[in-house]
Asks: 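This structure is in structure tokens; I'll ask about it shortly.
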Amino acid sequence: MQWFLSLGAVWQALLAALLMYAMTALGASFVFFSKKINKTVITALTGGAAGIMIAASFFSLLLPAIEYESNIPAYCTATVGFLLGGCFVILCDILLSRKKFRPQGLGDKKNALLFFAVTIHNIPEGMAVGVAFAVTGAEGAALSALLLAVGIAIQNFPEGMCVAFPLRAKGMSPLKSFLFSQGSGFIEIPSCVLGAVAATFVTGLMPWALAFSAGAMIAVVCSELIPECFSGNKTVASLGIVVGFCLMTVLDLALG
């Protein structure tokens, strides 16, 4: 752990991004063994990931944005940045739902939209982790950024399944289903590094980037994760969100 904490923000972001991508690939790899997944397990994991990401959005992103020293009032950077981040994800969802093109072989429109939605929302997720690591250079709280990355990695595990299995069920081969699914998570690697690089070298951008990432992540949770988990067992979903939030809160306050 000390070795990891001694690295620069960009290298920390890269390693964290590789972990997040690996969890997506791991979840997708289950398509080689079965066409079906236990919906209760997916609901619990998705709910837990949503709770973790909600807590991380505040403790690791929005709160540092508010506390960051800047010539611009914190209420301005936090509010406007958060609003822009949320609108970015909402706009991506709107454009995606209207887009006609989809890669050949993805199956029906629902599967294509699922693939694009997961891929697009992984961009602000990756950027959020990169920015979180960049801010630790001044505040010495790399563990908070690492916990955020772990929370997203946990979410990526069922996410990899949720992309791969519908494609497999539509007749796509296990290998192609796996490749498409893991590819949706690969975008987090350049996004994470870009977020760290941009926030590190443009210090005035830091509070804006933190708030933007928080808004984007909350929008992703509300538009993707919460509806997904509540479409299953409501009790399990609610419990997963509460437990995930509490877990992230305890870890962040104890170690951050």
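The shown structure was predicted, so the numbers you read here are calculated from the model rather than taken from an experiment.
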Asks: Should Ile189 and Leu146 be regarded as members of a common hydrophobic cluster, given that ILVMFWY residues are connected when their side-chain heavy atoms come within less than 4.5 Å of each other, either directly or indirectly?
Replies: yes
Asks: Is there side-chain contact between Ile241 and Cys229, with at least one heavy-atom pair below 4.5 Å?
Replies: yes
Asks: Taking the six-membered ring for Trp, are Phe82 and Phe212 ring centroids under 6.0 Å apart?
Replies: no
Asks: Measuring from atom OG of Ser238 to atom CD1 of Ile226, what distance do you get when rounded to the nearest 0.5 angstrom?
Replies: 9.5 Å
Asks: Between atom SG of Cys87 and atom CG of Leu91, what is the distance when rounded to the nearest 0.5 Å?
Replies: 8.5 Å
Asks: Can a donor-acceptor pair be found, under 3.5 Å and without considering hydrogens, that links the side chain of Thr77 to the backbone of Ala74?
Replies: yes
Asks: Closest approach of Ala214 and Ser57, non-hydrogen atoms and distance?
Replies: CB-O, 3.6 Å
Asks: State whether the side chain of Ser29 and the backbone N or O of Leu26 hold a donor-acceptor pair below 3.5 Å, judged by distance alone.
Replies: yes
Asks: Passes side chain to side chain contact (heavy atoms under 4.5 Å, CB included), Val197 versus Val10? Steps please.
Replies: CA-CA 6 Å; Val197 170; Val10 175; 3.8 Å; yes
Asks: Are Ile72 and Leu84 connected, step by step, through hydrophobic side chains (Ile, Leu, Val, Met, Phe, Trp, Tyr) whose heavy atoms are closer than 4.5 Å?
Replies: yes
Asks: Which distance, rounded to the nearest 0.5 Å, do you find between the OG of Ser223 and the CD1 of Ile218?
Replies: 10.5 Å
Asks: I'd like to check Ser177 versus Phe32 (side-chain heavy atoms, cut-off strictly below 4.5 Å). Are they in contact?
Replies: no
Asks: Would you say Leu175 ends up clustered with Val31 if hydrophobic residues are merged whenever their side chains have heavy atoms under 4.5 Å apart, either directly or through other cluster members?
Replies: yes
Asks: Would you indicate whether the side-chain heavy atoms of Trp208 and Val80 approach each other to under 4.5 Å?
Replies: yes
Asks: Is Phe133 reachable from Trp11 through a run of I, L, V, M, F, W or Y residues, each pair having side-chain heavy atoms under 4.5 Å apart?
Replies: yes
Asks: Using a cut-off of 6.0 Å, state whether more than 12 heavy atoms not belonging to Phe186 lie near its atom CZ.
Replies: no
Asks: In Å and rounded to the nearest 0.5 Å, what is the OG1 to CZ distance from Thr43 to Phe230?
Replies: 10.0 Å
Asks: Would you mind writing out the side-chain donor-acceptor pairs for residues 14-24 within the sub-3.5 Å range, not counting sequence neighbours?
Replies:
| from | atom 1 | to | atom 2 | distance (Å) |
| --- | --- | --- | --- | --- |
| Tyr21 | OH | Gln182 | OE1 | 2.5 |
| Thr24 | OG1 | Met20 | O | 3.3 |
| Thr24 | OG1 | Asn156 | ND2 | 3.4 |

Asks: Quick one, Phe157 with Phe30, criterion ring pair (Phe, Tyr, Trp, His ring centres under 6.0 Å). Give me CA distance, side-chain angles, the key distance, then yes/no.
Replies: CA-CA 10 Å; Phe157 178 76; Phe30 278 70; 5.6 Å; yes
Asks: So, the side chain of Ser181 versus the backbone of Gly160: is there a donor-acceptor pair under 3.5 Å, distance only?
Replies: yes
Asks: Please determine whether residues Ile54 and Ile66 belong to a single hydrophobic cluster, defined as Ile, Leu, Val, Met, Phe, Trp and Tyr linked transitively by side-chain heavy-atom distances below 4.5 Å.
Replies: yes
